[in-house]
Amino acid sequence: MSDERENPAAWEAATKLIRGGLARTPYGETAEGLFLTQSFVYDSAEAADRRFSGEEPGFVYSRYANPTVKMFEERLALLEGAEGCRATASGMAAVHLALTGLLRAGDHVVGGQAMFGSCRWIMNQWAPRFGIEATLVPGADFAAWRTAVRPNTKLFFIESPANPLLEITDIAAVCQLAKEIGAKVVVDNVFATPLYQQPLKLGADIVVYSATKHIDGQGRVLGGAVLGDVALLDEAYRDFIRHTGPALSPFNAWVLLKGLETLDLRVRRQTETAAVLADRMAAHPKVKALRYPGRPDHPQYEIARRQMSAGSTLIALDLETRERAFNFLNALQIVDISNNLGDSKSMATHPTTTTHRSMTEEQRLEIGLTPGWVRLSVGLEGAADLGRDIERALDAA
Ligand SMILES: *Cc1c(COP(=O)(O)O)cnc(C)c1O
């Protein structure tokens with residue numbers, strides 16, 4: 001018998017997702033405790049004094065920290081292999097926090113042209129109000145990231161695979177460039193999930209998630225997270241979180257903890273089905289082009305293979321015209337028409353008229369987004385049922 005303690009950092013992902021961050025109260029509850037409390041009480045005035053000075057550990061107010069939220073942060077950090085994690089109310093709160101905490105007036109940030117619509121708004125519309133300049137480049141073209149660098153470039157913001165056409169950016173190469181010029185790198189890792197891509201290991205400083213997507217994965221709550229070294233999280237984000245309040249609700253954190261428990265199971269099954277469906281759709285005569293990071297015909301397949309361990313759960317397909325795309329969507333009987341992704345329910349969306357409608361046509365053409373494209377998020381339904389539904393809808397396209 002050995003009295004050696006288990007090292008959680010060495011666990012398999014599946015174990016981390018069930019056991020990570022679990023902090024039981026003296027009641028010995030099985031499931032994670034849900035601490036729906038705004039604030040905390042102290043045994044004495046002296047104890048409050050010590051708590052506020054930081055001399056004594058503990059919670060003071062749920063805008064700063066909360067036991068249920070902390071369990072979620074610790075579990076996600078363990079999975080990511082990150083020193084620390086700060087949870088936020090939504091993915092956009094996480095992206096906003098991640099970027100603004102690292103930038104100030106006079107700085108320049110470089111990002112990919114293809115990215116989640118609201119992230120693009122922060123870069124193009126919001127950041128300039130505070131004297132921060134942004135340049136958007138074709139994310140798959142590494143030379144363009146280098147060419148965009150200016151003397152005041154302080155940050156690179158990468159989304160890979162990017163929304164909606166699953167373009168891949170070489171994360172390690174951009175991180176290397178960042179090191180050369182003393183800039184930081186933030187990666188929005190939603191599409192790959194923490195199971196298939198670990199940007200911190202590739203040299204990134206900060207990883208952000210919309211926990212709304214695969215982490216909940218069951219259509220219930222919004223949430224987000226920012227992960228990285230504790231020193232950087234403290235320096236860049238601690239005071240911002242305390243004083244501006246993007247805090248995650250303890251209830252939502254509890255739901256997300258339950259989501260994490262099945263993340264490995266769900267995402268692996270969804271990915272298996274996605275790979276099968278991608279091959280089947282690619283062979284259909286109505287499909288003009290198809291992008292799936294797990295297929296050798298993906299334009300950045302070599303990079304995808306280096307930095308992702310699987311193709312994940314999203315597929316983009318080009319049906320040539322908006323009319324065919326609409327016919328396809330309208331003929332689906334199982335798959336929902338919805339702009340969400342990473343869910344247990346399969347969902348298909350037409351980016352041009354939904355998620356990417358605020359872009360100009362010129363901007364859409366820059367990222368190759370023509371009206372025939374549909375984005376499919378593969379869920380947990382049976383692969384044969386999904387295959388039949390999609391095949392029928394393609395025939396109807
Ligand atoms: C959904 C999403 C976001 C925003 O997350 P919310 O939780 O909806 O605020 C940011 N980035 C990517 C890549 C997303 O898919």
Side-chain angles (χ1 to χ4, degrees), residues 69 72 76 80 85-100 109 111-127 136 139 156-169 171 185-197 199 204 206-227 245-249 251-253 255-256 259-260 263 267 270 274 291 293 308 312-316 338-343 345 347-349 351 354-359 367 369 375-379:
V69 176
F72 170 68
L76 190 57
E80 188 73 38
C85 171
R86 293 308 306 258
T88 56
S90 69
M92 284 322 304
V95 170
H96 178 254
L97 175 70
L99 298 181
T100 52
V109 50
Q113 282 164 344
M115 64 169 81
F116 189 74
S118 298
C119 300
R120 204 177 153 114
W121 181 86
I122 290 179
M123 298 276 280
N124 276 345
Q125 312 290 322
W126 192 241
L136 299 184
F156 295 97
F157 179 52
I158 301 173
E159 182 181 313
S160 181
N163 197 30
L165 300 186
L166 311 176
E167 181 183 55
I168 307 269
T169 295
I171 297 174
V185 178
V186 172
V187 177
D188 183 334
N189 204 35
V190 166
F191 279 40
T193 84
L195 296 168
Y196 297 142
Q197 181 166 275
I206 295 290
V207 180
V208 296
Y209 288 102
S210 164
T212 314
K213 309 298 166 51
H214 303 81
I215 293 176
D216 175 23
Q218 291 149 89
R220 303 167 298 192
V221 301
L222 300 181
V226 174
L227 298 105
L248 178 64
S249 143
F251 178 78
N252 289 2
V255 173
L256 294 170
L260 282 176
L263 182 76
V267 169
Q270 286 168 245
R291 301 256 175 86
M308 294 173 74
S312 203
T313 65
L314 288 127
I315 303 167
S338 176
N339 45 288
N340 202 4
L341 63 96
D343 203 88
K345 294 184 172 66
M347 294 170 174
T349 190
T354 62
T355 53
H356 289 67
R357 72 173 301 137
S358 68
M359 286 170 84
I367 62 165
L369 180 58
R375 190 194 72 197
L376 177 68
S377 170
V378 177

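Just so it is clear, the structure is predicted and the values come from calculations on it, not from any experiment. Whatever order the structure lists them in is the order used to number ligands and atoms, beginning at 1.
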*asked:* Return the CD to CG distance between E159 and N189, rounded to the nearest 0.5 Å.
replied: 10.0 Å
*Closest heavy-atom contact between V95 and V208?*
CG2-CG2, 4.0 Å
*What residues, two or more places apart in sequence or in another chain, satisfy side-chain hydrogen bond (donor to acceptor under 3.5 Å, both in side chains) together with R220?*
D216
*asked:* Strictly distance-based, threshold 3.5 Å: is any side-chain N or O of R375 a donor or acceptor partner for the main-chain N or O of N339?
replied: yes
*Shortest non-hydrogen contact between T349 and S338, atoms and distance*: CB-O, 3.4 Å
Short N or O contacts of ligand 1 with protein, under 3.5 Å, listed by atom name?
residue	atom	partner	partner atom	Å
ligand 1	5 (O)	S210	OG	3.0
ligand 1	7 (O)	G91	N	2.8
ligand 1	7 (O)	S210	OG	2.8
ligand 1	7 (O)	T212	OG1	2.6
ligand 1	9 (O)	G91	N	3.1
ligand 1	9 (O)	M92	N	2.8
ligand 1	11 (N)	D188	OD2	2.7
ligand 1	15 (O)	K213	NZ	2.7

*Side-chain (R120) to main-chain (Q113) donor-acceptor, under 3.5 angstrom*: yes
